[in-house]
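Please read the structure below before turning to the comments.
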Amino acid sequence: MPPHYKASPDVYKLISENDKFRVIKATWKPGLRDLWHSHSGAETAYRLTDCQSRIYTPDGESQDGTGKLEEVDVNPMIVSHSFENVGTTECKALIVERK
């Protein structure tokens with residue numbers, strides 16, 4: 001499974017990286033669902049906007065969520081999934097992930 005920034009370069013923009021971390025800006029337009037992808041290491045996401053989302057998993061399940069401006073999510077390595085903006089405004093986040 002490709003990493004998110006390679007699977008959906010229209011959503012994920014690699015801003016900076018070194019041998020240990022990547023910094024990525026993510027922007028989902030309303031109604032946009034990114035392609036199936038994975039995250040190879042632990043990550044922290046800082047929300048730059050409010051966001052209504054739906055996350056899909058390979059088993060056909062989905063989970064809706066509401067993220068708030070300036071919220072921080074800390075996640076372990078994430079296996080295959082897809083993220084959709086189900087709201088009416090852009091969802092933006094800054095992601096820092098361990099390589």
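Residue numbers count from 1 along this sequence.
Residue-environment remark: NZ (Lys99) exceeds the threshold of 12 foreign heavy atoms within 6.0 Å. Heavy-atom neighbours of Lys13 NZ from other residues, nucleotides or ligands within 6.0 Å: above the threshold of 12.
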(request) Any chance you could lay out the side-chain contact (heavy atoms from CB on, under 4.5 Å) test for Leu48 and Lys25, step after step, and finish with the verdict? (result) CA-CA 9 Å; Leu48 301 172; Lys25 182 177 180 186; 4.2 Å; yes

(message) Evaluate Glu70 against Tyr46 for side-chain contact (heavy atoms from CB on, under 4.5 Å), listing each step before the verdict.
(response) CA-CA 6 Å; Glu70 296 186 345; Tyr46 176 76; 3.1 Å; yes

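Minimum interatomic distance between Ser80 and Pro58 (heavy atoms only, all atoms of both residues): O-CD, 3.2 Å. Smallest separation of non-hydrogen atoms from Leu32 and Thr27: CD2-O, 4.4 Å. Contact record, Ala7 with His37: CB-CB, 3.9 Å, taken as the closest heavy-atom pair.
Two residues are said to be in side-chain contact when any heavy atoms from C-beta on lie closer than 4.5 Å; His39 and Pro3 fail this criterion.
The side-chain tip of Arg22 does not point at the ring of Tyr5 from less than 6.0 angstrom away and within 45° of straight on.
Here the straight-line distance linking atom CD1 of Ile95 with atom OH of Tyr12 works out to 5.5 Å at 0.5 Å rounding. The OG atom of Ser82 sits 9.5 Å away from atom CD1 of Ile55, with the distance rounded to the nearest 0.5 Å. If you take OG on Ser53 and CG on Asp50, they are separated by 11.5 Å, rounding to the nearest 0.5 Å. In this structure, the separation between CH2 on Trp36 and NE2 on His81 is 9.0 Å, given to the nearest 0.5 Å. Taking NE2 of His4 as the start and OG of Ser38 as the end, the distance is 9.0 Å to the nearest 0.5 Å. Distance check, rounded to the nearest 0.5 Å: CD of Glu97 to NZ of Lys20 gives 16.0 Å.
Applying side chain to side chain donor-acceptor pair (under 3.5 Å) to Trp28 and the options Thr49, Asn85, Asp34 leaves one that passes, Asp34.
With sequence neighbours left out, the side chain to side chain contact (heavy atoms under 4.5 Å, CB included) criterion links Arg47 to Cys51, Glu71, Asp73.
At a threshold of 4.5 Å between side-chain heavy atoms, the hydrophobic network of Ile, Leu, Val, Met, Phe, Trp and Tyr places Ile15 and Phe21 in one connected group.
Listed by chain and number, the hydrophobic cluster partners of Met77 come to none, as no ILVMFWY side chain reaches under 4.5 Å of it.
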